[in-house]
Number of protein chains: 2
Amino acid sequence: MTNPTPSPVPTLRDVAQAAGVHTATASRALNPKTRQQISAETARRVMRAAQALGYQPNSVARSLKTSRSATVGLVIPDLTNPLFPPIVRGVESVLESDGYNVWIVNTDNDEERERAKIESLRSRQVEGLIVATARLDHPLLRQLHEQGVAMVLINRQVPDLPIPAVTGDDATGVAAAVGHLAELGHTRIAHLSGPLGTSTGRVRAQAFRHAVRDHGLADDPALVIECARWSEEDGAAALRELLARTTGFTAVVAGNDLIALGCYDVFAESGLSCPGDISVIGFNDMPFLDKLRPPLTTVAVPHHELGAEAARMLLDRIDDPGRPARSVLLPVTLVVRGSTAPPPGHHHEAADATASPPPAHPGNATAPST
Amino acid sequence: MTNPTPSPVPTLRDVAQAAGVHTATASRALNPKTRQQISAETARRVMRAAQALGYQPNSVARSLKTSRSATVGLVIPDLTNPLFPPIVRGVESVLESDGYNVWIVNTDNDEERERAKIESLRSRQVEGLIVATARLDHPLLRQLHEQGVAMVLINRQVPDLPIPAVTGDDATGVAAAVGHLAELGHTRIAHLSGPLGTSTGRVRAQAFRHAVRDHGLADDPALVIECARWSEEDGAAALRELLARTTGFTAVVAGNDLIALGCYDVFAESGLSCPGDISVIGFNDMPFLDKLRPPLTTVAVPHHELGAEAARMLLDRIDDPGRPARSVLLPVTLVVRGSTAPPPGHHHEAADATASPPPAHPGNATAPST
DNA sequence: TCGTTTCCCGCAAACGATTGCGTTGGCTAG
DNA sequence: CTAGCCAACGCAATCGTTTGCGGGAAACGA
């Protein structure tokens, strides 16, 4: 079966003609902002005609004339990272209620693709960009900023550029994670950092070392290792390398949840038990973590709010480009699940002296695995 | 810090002026298809000028003139469903290499939002639509089809409309799932179907009843229950209701993975053990299922290929709207993990008579059943 | 030398909307 | 009765490209 022949789509001229008025009049009648310039009677006639013809204004023509588009671009490094879809929803929730459309593009962490997609967005007159792909050194973003493009960064920032950003409070989150592990009795804690070319990677890594020192624990450079990307595979690779070259650590705080998942893979292949032999903490609290084996202890960032706040800031910026670029840090919370427990052989002040399951935590507390 | 003043973006006229030619000449010089109409020398001059000015063609103006846009819309019901991001990647992979842009929109399963977003896509002159939101009765899709919009459905179809679709082989997948459970010794198997207003929901439900009969098992209508949406919450609700009104079933095949995850929630709250007391099979094999507790047995559909094939079909359709609308069914495979085991008290022909853990399947063990 | 072809390139009309400005007609005020 | 005003609407330019068409000049054959 083939497609029916496309019926010609009605234009403003058709509407005007049907209503017996000039296109200018039709245009004004159809636009609520200008409708009061038109007599009620004529306006009604035009709107009826539009209705009857099924008229839909051509946004392309409108954009060309007005150089606006009611559209903003959302630049995501990797849609398959479950962190991002909730953020996207957050962005959409506020932008849509404001009449904006959101154009989502996926760069796959590829610089060339990023450039191409952003270029394509710009050439379509998007009115602003929400960017989740920021790297510490990011010439493209610098250039866009210099060209006066309205932008808000999300989840990551680029410190040298005065672009507003909304991120989770990485430092506090990592400190909470380390604190939790220290409290459980761990003394040698490793960190599988995310890419140090991203602010999140670097900030979390720095916060890790600070926290470790603050707790009087081993601050051994050999205990932190960088993952090339924020992925399960790279997390696994990093942990393998760490296991090969260092020993004696009983816990790892991962740069994010995916890296933590990579650890799970290594545990499975090497026969290590989590949290029996080694504890893990993730970052982000992406969906479904509570159903893992073991449920992953992690630092929860408010995904939806992250997106929503970024969207609000972008709107502010669009209708007043001159305003100062404040950045916001959203509060995070440690959510303790089953992947953290006292280190093997640890003597807790309580009775049991073996590597027993961790104390059941109320609420999210899923049963700890042995 | 505020934004710098936006520098005026160069237009084709600027380029032409800089190169000392007419805009028409500049246009032709910049377009590879028409460049041979221009002397090599002039073309070089124009291209150099464009380069120097940092000229980027204005797609809006181009679209207005040509009524093309090199853009297709991708309509997703719920981006937070991990099934979709890999599909998106599949779509992008083929469309991008063909010079197309992909505009992803998220309808949140809301009919009004869907209409608005599709309208917005159309008014932007997208050249085609890949739609993952199809319902069995879908007036909007019918209307679009009648207007001659190039479309391809993905993952779901609408049977009455001759729109090409690419989906997984739902019937075979469900049959494999039921077969696997039957082989394990289950005789009363329940089905938590997806919404019966979607083809996937209905096809899988029908296939379930067929499969159950084919294996000579109980075909009790009380054993199938419909979930209102493809979500964890609705899966949980459905299983709760089923547990309340029926007993004696030892396995459930869920309409998809999210519904299966809902079952996990119910198990946790009701103290049931999976797979000890009850087995579960999902559908789709979305990411991270292998890390669940227990790892979810499911039917894997080729996400990436699903998207890629849909994109290819759309391209075909765009440059030849007249071609017949063939639909394709992509093969699926049962991947057996840890959420399925013999029913409690089942005497297997092998030695052990208790509800022991399932035989360890090596790796991802995509052992095709029967 | 004179057509005729070929090669480059410019002219101008679109595409479909928005909007500043001008024009019209009806009304009030002086 | 005329000046002045306002409301309602039309005119035409414009946004930045693309593209059919035509023209001028060079090249070619006879």
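Order of the sequence lines sets the chain letters (A, B, ...), proteins ahead of strands, with each chain counted from 1.
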Could you go through nucleotides 17-20 of chain C and list every protein N or O atom that sits under 3.5 Å from one of its N or O atoms, giving the distance for each pair?
{"from": "C:dA17", "atom 1": "OP1", "to": "A:Tyr55", "atom 2": "OH", "distance (Å)": "2.7"}
{"from": "C:dA17", "atom 1": "OP1", "to": "A:Asn58", "atom 2": "N", "distance (Å)": "3.2"}
{"from": "C:dA17", "atom 1": "OP2", "to": "A:Thr11", "atom 2": "OG1", "distance (Å)": "2.4"}
{"from": "C:dA17", "atom 1": "OP2", "to": "A:Leu12", "atom 2": "N", "distance (Å)": "2.2"}
{"from": "C:dA17", "atom 1": "O5'", "to": "A:Tyr55", "atom 2": "OH", "distance (Å)": "3.4"}
{"from": "C:dT18", "atom 1": "OP1", "to": "A:Arg62", "atom 2": "NE", "distance (Å)": "2.8"}
{"from": "C:dT18", "atom 1": "OP1", "to": "A:Arg62", "atom 2": "NH2", "distance (Å)": "3.3"}
{"from": "C:dT18", "atom 1": "OP2", "to": "A:Ser27", "atom 2": "OG", "distance (Å)": "2.6"}
{"from": "C:dT18", "atom 1": "O2", "to": "A:Lys65", "atom 2": "NZ", "distance (Å)": "3.4"}
{"from": "C:dG20", "atom 1": "O6", "to": "A:Arg28", "atom 2": "NH2", "distance (Å)": "3.1"}

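- Rounding to whole angstrom units, CG of residue A:Leu30 and P of D:dC9 are separated by 14 Å.
- When heavy atoms are screened at a 4.0 angstrom cut-off, A:Ser67 is found touching no nucleic acid atom at all.
- No salt bridge links B:Arg317 with B:Glu127; every basic N to acidic carboxylate O contact stays at or beyond 4.0 Å.
- A straight line from CD of A:Gln17 to P of D:dG10 spans 13 Å, rounded to a whole angstrom.
- In this structure, B:Arg89 pairs ionically with A:Asp78, as a charged nitrogen and a carboxylate oxygen lie closer than 4.0 Å.
- One atom, CD1 of B:Ile38, and another, C1' of D:dT19, lie 12 Å apart when rounded to the nearest Å.
- Summarising the geometry, the separation between CG on B:Leu64 and P on D:dT18 is reported as 11 Å, rounded to the nearest angstrom.
- Ion pairing between B:Lys117 and A:Glu92 holds under the 4.0 Å rule for side-chain N and carboxylate O.
- Phosphate contact (OP1/OP2 of D:dC15, side-chain N/O of A:Ser63, threshold under 4.0 Å): absent.
- Between A:Arg135 and A:Val158, the closest heavy-atom pair is O-CB, 3.6 Å.
- Rounded to whole Å, the distance from CG on A:Asp14 to C1' on C:dG16 is 11 Å.
- To the nearest angstrom, C1' of C:dC9 lies 10 Å from CD of B:Gln37.
- Across the protein-nucleic acid pair, A:Gln36 atom CD and D:dC6 atom P stand 16 Å apart, rounded to whole Å.
- Across the protein-nucleic acid pair, B:Lys33 atom NZ and D:dT17 atom C1' stand 18 Å apart, rounded to whole Å.
- Comment: B:Glu119 does not engage B:Arg122 in a salt bridge, judged by the lack of any side-chain N to carboxylate O separation of less than 4.0 angstrom.
- Between A:Glu41 and A:Arg45 a salt bridge is recorded (basic side-chain N to carboxylate O distance below 4.0 Å).
- Here B:Val21 lies in heavy-atom contact (under 4.0 Å) with sugar-phosphate atoms only.
- For the residue pair A:Gln125 / A:Ser63, no side-chain donor-acceptor distance below 3.5 Å is found, with atom types taken as modelled.
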